[in-house]
Amino acid sequence: MAKRKLNRRQKWRIEKIQAERRQRAQRRAGQENPVATALGEEQLGTVVAHFGGQVLVEDEAGVPARCHFRANLEQLVVGDRVIWQAPRVEGDGDGVVTAIEPRQSVLKRPDNYGNLKPVAANVDRLLVVFAPMPVPSTALLDRYLVAAELSGIPATLVLNKADLIDAESRDALDHITDIYRDLGYPVIEASAEDGAGLAALKTALTGHTCAFVGQSGVGKSSLVNAVLPGAELAVGDLSGVSGLGQHTTTTARLFRLPDGGRLIDSPGIREFGLWHISEEELLHGYRELSERAGHCRFRNCTHRHEPGCALREAAENGEVSEERLHNFFQIADTLDEEGRERYR
């Protein structure tokens, strides 16, 4: 869907309508599943699923409970650390979220109505997945890595479907992985099909709150199922606790990993664009280019045609990847100045 051009009044009206819809959803949820008449002491918890007007919160022991949330809270997302109160008497009603802890990181994506929407919080490792098929593009991988850099989230690349690598594709894939390894990005080769590399992947996940991102068809869901064989069972358990049926659709889910750590599975963060950032921000997302940008002869260098450009000279000397620099220019040309104004 094309990005709509909205004036301030239209943007205000859309925000107002969305807020009213959230309030209606909360009221309906409150009528169907009222808050408990007596609540316990405030405690820490983590949002593990979102069901419109309600959220599912896990306590520190990993026990989930359905909760309402105060209307004055900002939008809750999976991964949020919250203060909440459980019912004093089990079965008496639902708990309630009263506050959100400060987020260590937040992943956002622009919607079509002029707003940046959070989709996951407190992710501390992003797993960027690609595969021999569909044919990988470094420009697309760069988009995910830029988003990770700008969010302050360390990224690891995962070459999935390693069982499909043949002599014809090996050289091209090695070229790609060498580019990113040289920049300090860890690269893991794995196969959800035959299990190769899954031990290394599980080690990378252990102790972290992670999310998989990548284009459609690279096998993200297969990797989730491979590292979390009980994921489907967990979905059923959540549906039971939520009281909303087996076919409940959530915007995201957070799973506990068997060896420690957590995995957020969210369609909203699997694929996202960079329309809302400036070219300067894009440059900061390229770690090797950003550190050289201040060494150009001219302070206002556009890095395209000026003499003494440190970025172009570094590419010509083989100090940085010409392919990455080309990707930077290619992505910069797609940034939408008018669209960026809508996201401010």
Side-chain angles (χ1 to χ4, degrees), residues 3 105 107-110 116 123 125-131 134-159 171-187 211 213-216 218 269-344:
K3 300 185 290 296
S105 68
L107 284 174
K108 297 181 179 181
R109 64 175 293 172
L116 279 175
V123 174
R125 181 162 293 182
L126 207 61
L127 284 300
V128 182
V129 184
F130 64 110
V135 177
S137 158
T138 56
L140 186 56
L141 294 177
D142 281 359
R143 287 178 177 271
Y144 292 114
L145 294 175
V146 166
E149 294 281 348
L150 296 182
S151 300
I153 302 173
T156 295
L157 283 89
V158 180
L159 174 53
D171 287 346
L173 292 169
D174 284 348
H175 167 73
I176 291 173
T177 56
D178 286 347
I179 288 176
Y180 296 110
R181 283 195 175 103
D182 288 346
L183 293 171
Y185 291 108
V187 179
V213 298
Q215 71 181 115
S216 178
V218 296
I269 56 177
R270 290 178 180 179
E271 301 176 37
F272 47 88
L274 298 175
W275 315 304
H276 58 293
I277 69 173
S278 67
E279 185 167 321
E280 183 178 358
E281 289 172 312
L282 175 65
L283 184 61
H284 284 301
Y286 279 82
R287 53 174 63 171
E288 77 280 23
L289 303 183
S290 178
E291 64 187 22
R292 289 175 168 83
H295 298 285
C296 295
R297 182 184 303 175
F298 300 104
R299 190 172 61 179
N300 61 346
C301 183
T302 66
H303 315 300
R304 287 169 173 79
H305 53 74
E306 296 86 351
C309 173
L311 303 191
R312 296 206 321 277
E313 288 180 356
E316 290 167 3
N317 296 334
E319 297 171 10
V320 301
S321 163
E322 288 189 16
E323 190 169 340
R324 286 262 292 177
L325 182 59
H326 174 75
N327 292 345
F328 166 75
F329 291 135
Q330 184 183 66
I331 297 171
D333 289 343
T334 69
L335 299 179
D336 181 354
E337 188 70 38
E338 292 183 2
R340 186 161 59 254
E341 288 301 315
R342 295 199 302 276
Y343 300 126
R344 298 204 182 281

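Position 1 is the first residue of the sequence; numbering continues from there.
Contact record, Leu311 with Arg292: CD2-CB, 3.8 Å, taken as the closest heavy-atom pair. Ala155 and Leu145 get closest at one heavy-atom pair: CB-CD2, 3.7 Å. Closest approach of Ala148 to Leu126, counting heavy atoms only: CB-CD2, 3.8 Å. Of all non-hydrogen atoms in Phe130 and Pro136, the two that sit nearest each other are CD1-CB, 3.8 Å. When every heavy atom of Ala211 is checked against every heavy atom of Val123, the shortest pair comes out as N-CG1, 4.2 Å. Here the closest heavy-atom approach between residue Glu306 and residue Asn300 is recorded as OE2-O, 4.3 Å.
Within 6.0 Å of CD in Glu319 there are more than 12 heavy atoms belonging to other residues, nucleotides or ligands.
Remark: Arg299 engages no residue in a side-chain hydrogen bond (donor to acceptor under 3.5 Å, both in side chains) (not counting sequence neighbours). Every residue two or more places apart in sequence or in another chain that forms a salt bridge (Lys or Arg N to Asp or Glu O under 4.0 Å) with Glu288 is listed here: Arg324. Residues forming a side-chain hydrogen bond (donor to acceptor under 3.5 Å, both in side chains) with Arg297 (at least two apart in sequence, or on another chain): none. Applying the salt bridge (Lys or Arg N to Asp or Glu O under 4.0 Å) criterion to Asp178, with sequence neighbours excluded, gives no partner residue. Taking Tyr185 as the reference, Glu149, Arg287 meet the side-chain hydrogen bond (donor to acceptor under 3.5 Å, both in side chains) condition, with sequence neighbours excluded. Residues meeting the side-chain hydrogen bond (donor to acceptor under 3.5 Å, both in side chains) test with His326, sequence neighbours left out: none.
Side chains of Leu107 and Ile153 form a contact here, defined as non-hydrogen atoms less than 4.5 Å apart. His175 has its side chain out of reach of Asp171: every pair of non-hydrogen atoms, C-beta onward, lies at least 4.5 Å apart. The side-chain heavy atoms of Ser105 and Ser151, taken from C-beta on, include no pair separated by under 4.5 Å. Here the side chains of Val146 and Ile277 are in contact, with some heavy-atom distance below 4.5 Å. With a 4.5 Å cut-off on side-chain heavy atoms, Tyr286 and Val320 do not count as touching. Taking 4.5 Å as the limit, some side-chain heavy atom of Pro134 sits within range of a side-chain heavy atom of Gln215. Side chains of His303 and Leu283 form a contact here, defined as non-hydrogen atoms less than 4.5 Å apart. Residues Arg143 and Thr334 have side chains in contact (heavy-atom distance under 4.5 Å, counting atoms from C-beta outward).
The distance from atom CG of Leu150 to atom CG of Leu282, rounded to the nearest 0.5 Å, is 8.0 Å. Atom-to-atom distance recorded for Leu335:CG and Glu280:CD is 12.5 Å, nearest 0.5 angstrom. Remark: Leu289 CG to Phe328 CZ distance equals 7.0 Å, nearest 0.5 Å. Between the CG atom of Asp182 and the OG atom of Ser321 there is a distance of 9.0 Å, given to the nearest 0.5 Å. Rounded to the nearest 0.5 angstrom, Leu157 CG and Leu183 CG are separated by 10.0 Å. The structure places CZ of Arg312 at 10.5 Å from CZ of Arg304, a figure rounded to the nearest 0.5 Å.
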query = Going through the checks in order, is the side-chain contact (heavy atoms from CB on, under 4.5 Å) test met by Asp142 and Gln330?
reply = CA-CA 11 Å; Asp142 281 359; Gln330 184 183 66; over 6 Å; no
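In terms of modelled atom types and a separation under 3.5 Å, the side chain of Thr156 and the main chain of Pro186 share no donor-acceptor contact.
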